[in-house]
Amino acid sequence: MGFSPVDAGRATPEWAPNKRQDGRRFIVTGGNRGIGLATATTLAALGASVVLVGHEGAEAFDSAMGSIELATGCSRDNLAYMALDLRSLDSVRAFARAWEQRPINERSLFGLINNAGIAGMPGLSADGFEMCFQINYLSMFLLTRLMLPYLTPAKDSEGNQENARIVCVSSSAHLFTLGIPTDEKYLRQEGGGFFSLRYGESKLCVNSFVAQLATRLEPERGISAFAVHPGSTASGFWNSFPVWAQRCIASVTQDPSRGARTSLFCATENNLASGGYYADCARATPSFWLGSKDKTAELWLKSCAWTGVSPNTLLK
């Protein structure tokens, strides 16, 4: 995933995930392939329980869980699959209801990794929104809001509190837009296909959401939120491109395990700045458009209205 097949800038630092995550539960959306699978595999290797989430069906996720078992030696009891289709807000609500029906000791959540996303898709969603906006942003917004009550901080090996984590995969594409989209008429019009302006706009909305959420979460609640750029990665993200283009992209992009590193960095390292944008396992500078407080607040209020959640009460 990412904006350009070749990333410019500094080389990725050689950070490696090594902090044990035993007794912690993570959700990874799009966890059956690409960066999502690499993220889920590493979390399982670190001892976490991982719930893989997506719409491709039980067979695809059973195969993914089998590959995680084989790669890590983890118990299958530490892996689970739940269905969720980000093309539909009703599916997000159904997922939240299903989570609420889990046994009490299986509801608490240390990390929500909002990994799933698309480069573009023709048509409109079931809710009448442009597909990038719906899948990459609006459904992610609702999923995060509905899962907030279950996010619970944990103790490290020395008894110190570590905040629960929300990690939202963004993209450097958010730097190349014409501003935060809030006009409903525009957002309910079809986009221009793969890697149109709509993709970057949807990721700008992700960054705006993370920043807004971080300011609204009370510190004592113990939840941190991050937006991350994974870097250009050879993954299923490119599957809708022509085969020749996929081959060219694969020759110049990083493998999914490296694409997952910044998500894992924010999911497992402590004392990071909540609300921040991270790339290459380090704090990065987000779009100047996020400095427009009126626009970020407007997007928050309208997103709450579109998804039917309270703009002020986060945990109900």
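Please read all numbers here as calculations on a predicted model, not as lab measurements. Along the sequence shown, residues carry numbers from 1.
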Check your understanding: Any chance the side chains of Thr177 and Glu201 put a donor and an acceptor closer than 3.5 Å?
Key -> no
Practice item. Classify the ring geometry between Phe61 and Tyr81 as parallel (under 30°), tilted (30 to 60°) or perpendicular (over 60°). Key: parallel
**Study point:** Ring geometry between Phe265 and Tyr278 (parallel below 30°, tilted from 30 to 60°, perpendicular above 60°)
**Key:** tilted
Practice item. Taking Asn115 for its side chain and Thr29 for its backbone only, find out whether a donor-acceptor pair lies under 3.5 Å. Key: yes
Check your understanding: Which pairs with one or both residues in residues 92-112 pass side-chain hydrogen bond (donor to acceptor under 3.5 Å, both in side chains), sequence neighbours excluded?
Key -> Asp90-Arg93
Revision key, fill the gap. The side chain to side chain contact (heavy atoms under 4.5 Å, CB included) partner of Thr39 among Leu37, Thr41, Thr42, Leu43 is Leu43
Review point. Would you find more than 12 non-hydrogen atoms of other residues, nucleotides or ligands less than 6.0 Å from Glu220 atom CD?
Key: yes
Salt bridge (Lys or Arg N to Asp or Glu O under 4.0 Å) partners for [X], two or more places apart:
X	answer
Asp22	Arg20
Glu269	none
Arg87	Asp85

Check your understanding: Does any pair with a residue in residues 39-60 pass salt bridge (Lys or Arg N to Asp or Glu O under 4.0 Å), and if so which ones, sequence neighbours excluded?
Key -> Arg33-Glu56
Point to revise | Partner set under ring pair (Phe, Tyr, Trp, His ring centres under 6.0 Å) for Phe133, not counting sequence neighbours | key: Phe129, Tyr137, Trp306
